[in-house]
Amino acid sequence: MPELPEVETTCRGIAPHLMGRRIDGVVVREHRLRWPVAPQLVYQMPGLGVRRISRRAKYLLLETDNGCLIVHLGMSGSLRVVPHNKQPDKHDHVDLVLDDGNCLRLRDPRRFGCMVWSDGKPTQHPLLADLGPEPWDEKFSGEYLYRLAGKRKVAVKNFIMDAHKVVGVGNIYANEALFAAGIDPRRAAGRISKKRYQRLAQAIIDVLDAAIEQGGTTLRDFVNSDGEPGYFSLELKVYDREGDDCTNCGRPIKREVIGQRSTFFCNRCQR
DNA sequence: AGAGGTACCTGGCAGC
DNA sequence: TGCTGCCAGGTACCTC
């Protein structure tokens, strides 16, 4: 389940194999992703050169000479560069055939991902236009979160997972960042001090940085690899550790459902 | 406008 | 062993 660090790692992994290449063709074996695979892939992409690969939130942007492919990996998606004649597996839904005999292959068993097209600036696409800042953006800070929280009653965990506030904080990292900042995930967003938001903002950045670094060091080959990029072996302190000892105080980690999502925390260390 | 809930999808697992 | 049923997750979209 790709969270932002895995998307970033994918972006870095595939970029060298795509930059400057030409798309010779596109094969869509299954168009039923979250939204139907954009028809432009088939009628517009062939013949175009790849100019730039980048990431915005959890979206990968593949800019060409004439339009931009926007890819989201959903929960189970992955992208790899493989020889085009390699036999696709059941869940290999789309190939972008490159001019060097390889292809960029999208695999997505659960089909929560998407491949949509943007003719203009991808950042103005409806999916991207209203997103909050990247955690590394200078716009993002504890002050920013504090201001946005106002008097809102929503649980702080849901608040930081809202991509319209700040992008890239999925369930795993929301749990980890709140633990690092010592904040109870159930606490109302509007009832947290500016100072504690400053700690939280830094925790979000730190936890994502650490995961991206892990991704970089444990990066599997994005070419000719059968394996999935795999989960970063980042040491998680609370996520999926219900009943285990808190690494800080030794008390058992609690699990509770907040906003229909599993939430893990230490109710002694997080207030 | 904010808050809360639902849908989408399938591999993997627990329980029978 | 084989079946059923539930869960995981990101995000758009629905309703109140």
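Here is the naming used below: chain letters follow the sequence lines, and residue numbers restart at 1 for every chain. Only a predicted model underlies this, so the values are computations on that prediction, with no experimental measurement involved.
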Notebook entry, point to check: Roughly how bent is the helix from B/dG2-C/dC16 to B/dC16-C/dG2 end to end, in steps of 10 degrees, with each end axis from five pairs?
Noted result: 50°
Next item on the list: Under 4.0 Å between any heavy atoms, over every strand shown, what does A/Phe159 touch: base, sugar-phosphate, or nothing? Just pick one.
Entry: nothing
Tell me: [atom1] of [X] to [atom2] of [N], nearest whole Å?
X        : N      : atom1 : atom2 : answer
A/Arg261 : C/dC7  : CZ    : P     : 12 Å
A/Gln260 : C/dC14 : CD    : P     : 17 Å
A/Leu131 : C/dA12 : CG    : P     : 7 Å
A/Leu33  : B/dT10 : CG    : P     : 11 Å
A/Glu6   : C/dA8  : CD    : C1'   : 15 Å
A/Ile258 : B/dG5  : CD1   : P     : 12 Å
A/His31  : B/dC9  : NE2   : P     : 11 Å

Item checked: Beyond-backbone contact of A/Leu145 with A/Phe159, side-chain heavy atoms, under 4.5 angstrom -> yes
Item checked: Residues A/Asp89, A/Arg107: salt bridge by 4.0 Å N-O rule ->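 Between A/Arg107 and A/Asp89 there is a salt bridge, with a charged N closer than 4.0 Å to a carboxylate O.
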Check: In Å and rounded to the nearest 0.5 Å, what is the OG to CD1 distance from A/Ser193 to A/Ile183?
Finding: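 So the gap between those two atoms works out to 7.5 Å.
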Between [options], which nucleotide has the shortest distance from any of its atoms to the side chain of [X]?
X        : options                : result
A/Ser262 : B/dC9, C/dA12, C/dA8   : C/dA8
A/Pro109 : B/dG11, C/dT11, B/dG5  : B/dG11
A/Phe112 : C/dT11, C/dG10, B/dT10 : C/dG10

Note to self: Please determine whether any donor N or O and acceptor N or O are separated by less than 3.5 Å between the side chain of A/Arg34 and the base of C/dT11.
What the structure shows: yes
Check: When only distance counts, do a donor and an acceptor, one from the side chain of A/Arg110 and one from the base of C/dG10, lie under 3.5 Å apart?
Finding: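 In this structure, the two groups form no donor-acceptor pair.
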Item checked: Derivation of the side chain to side chain contact (heavy atoms under 4.5 Å, CB included) call for A/Val94 and A/Val37 -> CA-CA 9 Å; A/Val94 179; A/Val37 171; 4.1 Å; yes
Tabulated below should be each protein N or O lying under 3.5 Å from an N or O of nucleotides 4-6 of chain C; please produce it.
none

Note to self: Tell me whether A/Val97 shares a hydrophobic cluster with A/Leu18, the cluster being built from Ile, Leu, Val, Met, Phe, Trp, Tyr side chains joined at under 4.5 Å.
What the structure shows: no
Next item on the list: Verify whether one side chain among A/Arg255 and A/Thr263 offers a donor that lies under 3.5 Å from an acceptor in the other.
Entry: no
Next item on the list: Strictly below 4.0 Å, heavy-atom distances to any atom of DNA chain B: list the hits from residues 143-155 of chain A, or just say none.
Entry: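 Those residues whose heavy atoms fall under 4.0 Å from DNA chain B, taken from residues 143-155 of chain A in numerical order, are A/Arg152, A/Lys153, A/Val154.
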Item checked: Pairwise 5' ranking along DNA chain C for A/Gly168 and A/Arg255, keeping only the more 5' one -> A/Arg255
Check: Taking the nucleotide of DNA chain B with the closest heavy atom to each, which residue, A/Lys90 or A/Asn158, is nearer the 5' end?
Finding: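 The 5'-side residue here is A/Asn158.
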